[in-house]
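Remember, it's a predicted structure, so these values are computed and weren't measured experimentally.
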There are 2 protein chains.
Amino acid sequence: MAAREKTSRLGAGTTMAQVAERAGVTKMTVSRVLRHPEKVNPETRERVSAAMAELGYVANRLAGSLNAGTSGLVAAIVPTLRHSLFADTLEGISDVISQAGLGLFVSSSDYRSDVEENQIRSILERRPDALVLTGLTHTKAARDLLRNFGIPVVETWETDDDPVDMIVGYSNREAAHAMTVELIRSGYRRIAFVNGPMESNERARHRAEGYLAAMQEAGLSAPPIHVVHHDAVIQPETGAKAIRVLRQQPGIDAVFFTSDVFAVGAILACRELGIDVPSQLGIAGFHDLEVGRVVSPTLTTVQVPAMEMGRKAGHMILARLAGRKLPSRRQDLGFSIISRESTRRGH
Amino acid sequence: MAAREKTSRLGAGTTMAQVAERAGVTKMTVSRVLRHPEKVNPETRERVSAAMAELGYVANRLAGSLNAGTSGLVAAIVPTLRHSLFADTLEGISDVISQAGLGLFVSSSDYRSDVEENQIRSILERRPDALVLTGLTHTKAARDLLRNFGIPVVETWETDDDPVDMIVGYSNREAAHAMTVELIRSGYRRIAFVNGPMESNERARHRAEGYLAAMQEAGLSAPPIHVVHHDAVIQPETGAKAIRVLRQQPGIDAVFFTSDVFAVGAILACRELGIDVPSQLGIAGFHDLEVGRVVSPTLTTVQVPAMEMGRKAGHMILARLAGRKLPSRRQDLGFSIISRESTRRGH
DNA sequence: ATACAATAGGATACCGGTAACACGGGAGGA
DNA sequence: TCCTCCCGTGTTACCGGTATCCTATTGTAT
């Protein structure tokens, strides 16, 4: 009589053994019905299926995963979910991997590589099938951990010659360079650059390099880079503040922001301050967010393949998990300069 | 000599037994060093820690989870990640639960409850500690599954008297009602309503109800509701298209869109068509996205607590997992009407 | 010197599946 | 009639941890 003590509660409590007992078979046969139905006699299969339905059986993947040594999980670490940027990348990953039955595990690191390292440690304990990281800035410990662990790792949002494993993105250096060249081409000369904190984030650093290189190549002197504080949330007000500071400096005729959000805040501030954009001041952003298409004047910006990076990362992972060799560990998806009204200077 | 065959590869391959052998103890002692270090002699602890470090040991949480019957995972299903709305909610959840050592599993259902049902099935196989859903529209099978399964479930983005388990959100009906009242108060009379597809989504349905109720209460006749197609991605162009259709109808003096994205597209379309907002046409949106603060005229909208719903959901889950009883299974976080230029009619 | 408790660590069983192999019985060929 | 082979199912062991119980040793009070 103790043999069927748990029969009353459905779902979570039901095990394969209980289903088996009910169907008058062993759990191995139940397992076969789920994994290799063709190997089971149709009548038996029918009985087992009925038993599963009656008991509301839900397989426990944890057990199978333990056996297989793998979890069917792809983990992704993004700096933040608060802006659609990285969420787009996640959507791309999710789209692709879910078709292969893999799930997406997400954490956000708040742009801090020490936090990221801890998250990686904790994630690896879950034995993910693969890991997607944002950017190249990881602690040494994190890199070592990942290299030793041996699962596919995809870095995103940048290109690099020496990724931990694979990489898909675009060149932030070239993108910032191209935008700076575009501003110069439009007739701006004293171009300020407003950037995120560079020490914790190679994307910001590379963009600064691209900007400085372009200025130098054009024989222009670059005003000091204006760095927004890490704690300054990515919001328009931060861009507005930058404008108020930069207008003190003489002769600035354009400002290149590394986020559209900042740039849009700047445009609004200019409107209030009576600074005409683009004739008195050119303004450019980065990322091609919707806000930039909607402000007036519309915002010149760099379009980046946020979603496409996610898809590509997903495909690279699937290929590797399927044992296929990739033509290259590096995928440069490029970027586009979108020239709009905010830099369209009347010549 | 077969006893140490796997010693060469670090990381993924290393098991507790290998660490134990190296430290000259049993795996039970290694386990204690990780779970209850105070119960282990400091010298032994030291030796074990050294062995773990040398072998690059990474615990396998799958095994522990199997034992515990729980995975340390909170799963969340959102309609899409493509707009920051739901990503904000995820960030809120993640913030809160990660402090309790729980991880976030994400999937997106593309607003389809049949897809959602499949995702729930697949998610339950991973034995999540809790589940967060968006909205109330779930298949019957999905509800039954969840009720039987017994884990904490939080529905979000709506209020309701009869949630599957817990719910945190705001009333879409009241929000749409309040906005409609606000439009009427501003002097608009023939107010059109542009909505997402209502059959698959109770949020859309409730908003329509709120709108219709407010119109009726004011003794106004409501023009037919304009429904955008499910496949019409949430993008400004869809709003622009709606304007082109609605201007055919005589006398419309305001349009209430259920997304800021649409509303902003409408504002841009009006600019092109030479329709003055707000004097010829009032326009209101929903969600309070950044775009709405940036267009000109700035957009009147309904602000919803996207991130706060996530945080609250996280807290409810943690409370329940800790065995604490909640004061209520329902949390109404409210909304705010943000009145801006797009409905500020010169009286 | 004896008894008893506290401390440290080992032995065992178990979580819920699945791979690998074993086995009985019927079909087909020599 | 006997040997094989195949089909359908059962048996066993194992995945990598952890709870529980047990033993050995040391310390302490009587």
Peer 1: Between A:Asp114 and A:Arg112 (salt bridge meaning N to carboxylate O under 4.0 Å), is one present in this structure?
Peer 2: yes

Peer 1: Of all the choices, D:dG17, C:dA19, C:dG9, which nucleotide is nearest to the side chain of B:Asn41 once you look at every atom?
Peer 2: C:dG9

Peer 1: Going through the checks in order, is the side-chain contact (heavy atoms from CB on, under 4.5 Å) test met by B:Val132 and B:Thr89?
Peer 2: CA-CA 10 Å; B:Val132 180; B:Thr89 304; 5.6 Å; no

Peer 1: Could you check how far OH of A:Tyr57 sits from P of C:dG17, rounded to whole Å?
Peer 2: 3 Å

Peer 1: Applying a 4.0 Å non-hydrogen cut-off, can you work out what B:Val30 is touching in the nucleic acid: base, sugar-phosphate, or nothing?
Peer 2: nothing

Peer 1: Please determine, for the side chain of B:Thr26, which listed nucleotide (C:dA11, C:dG17, D:dT18) has the closest atom?
Peer 2: C:dA11

Peer 1: What is the separation between atom CZ on A:Arg45 and atom C1' on D:dG8, rounded to the nearest whole Å?
Peer 2: 12 Å

Peer 1: Only one of A:Arg330, A:Arg147, A:Arg320 forms a salt bridge (Lys or Arg N to Asp or Glu O under 4.0 Å) with A:Asp165, so which one is it?
Peer 2: A:Arg320

Peer 1: Closest-nucleotide mapping onto DNA chain D: is B:Asn67 or A:Arg32 further toward the 5' terminus? I mean the 5' end.
Peer 2: A:Arg32

Peer 1: Please report the distance, rounded to the nearest Å, between CZ in B:Arg61 and C1' in C:dC15.
Peer 2: 16 Å

Peer 1: For a quick check of understanding: with a heavy-atom distance under 4.0 Å over all strands, which category does A:Thr44 fall into, base, sugar-phosphate or nothing?
Peer 2: sugar-phosphate

Peer 1: Please report, rounded to the nearest Å, how far the P atom of C:dG16 is from the CG atom of A:Asn60.
Peer 2: 7 Å

Peer 1: Provide, to the nearest angstrom, the distance between the CZ atom belonging to A:Arg35 and the P atom belonging to C:dG16.
Peer 2: 16 Å

Peer 1: Between the base of C:dG17 and the side chain of A:Lys27, is there any donor-acceptor pair under 3.5 Å?
Peer 2: yes

Peer 1: Looking at D:dA19, C:dC15, D:dC15, which one has an atom nearest to any side-chain atom of B:His36?
Peer 2: D:dA19

Peer 1: Does atom CD of A:Glu38 have more than 12 heavy-atom neighbours, drawn from other residues, nucleotides or ligands, at distances under 6.0 Å?
Peer 2: yes

Peer 1: Would you kindly give the CG-to-P distance between A:Leu62 and D:dC14, to the nearest whole Å?
Peer 2: 22 Å

Peer 1: Give a yes or no on whether a salt bridge exists between A:Glu125 and A:Arg121, defined as a side-chain N under 4.0 angstrom from a carboxylate O.
Peer 2: no

Peer 1: Report yes if at least one side-chain N or O of B:Thr29 is closer than 4.0 Å to OP1 or OP2 of C:dA8; otherwise report no.
Peer 2: no

Peer 1: Start at the 5' end of DNA chain D and walk down; is the nucleotide closest to A:Val40 or to B:Ala63 reached first?
Peer 2: A:Val40

Peer 1: Below 4.0 angstrom from OP1 or OP2 of C:dT18, is there any side-chain N or O of A:Ser31?
Peer 2: yes

Peer 1: Take B:Val25 and A:Gly64, find for each the nucleotide of DNA chain C with the closest heavy atom, and name the residue whose nucleotide sits nearer the 5' end.
Peer 2: B:Val25

Peer 1: Rounded to the nearest Å, what distance is computed from the CE atom of residue A:Met28 to the C1' atom of nucleotide C:dA22?
Peer 2: 13 Å

Peer 1: To the nearest angstrom, how far is A:Arg126 atom CZ from D:dG17 atom P?
Peer 2: 15 Å

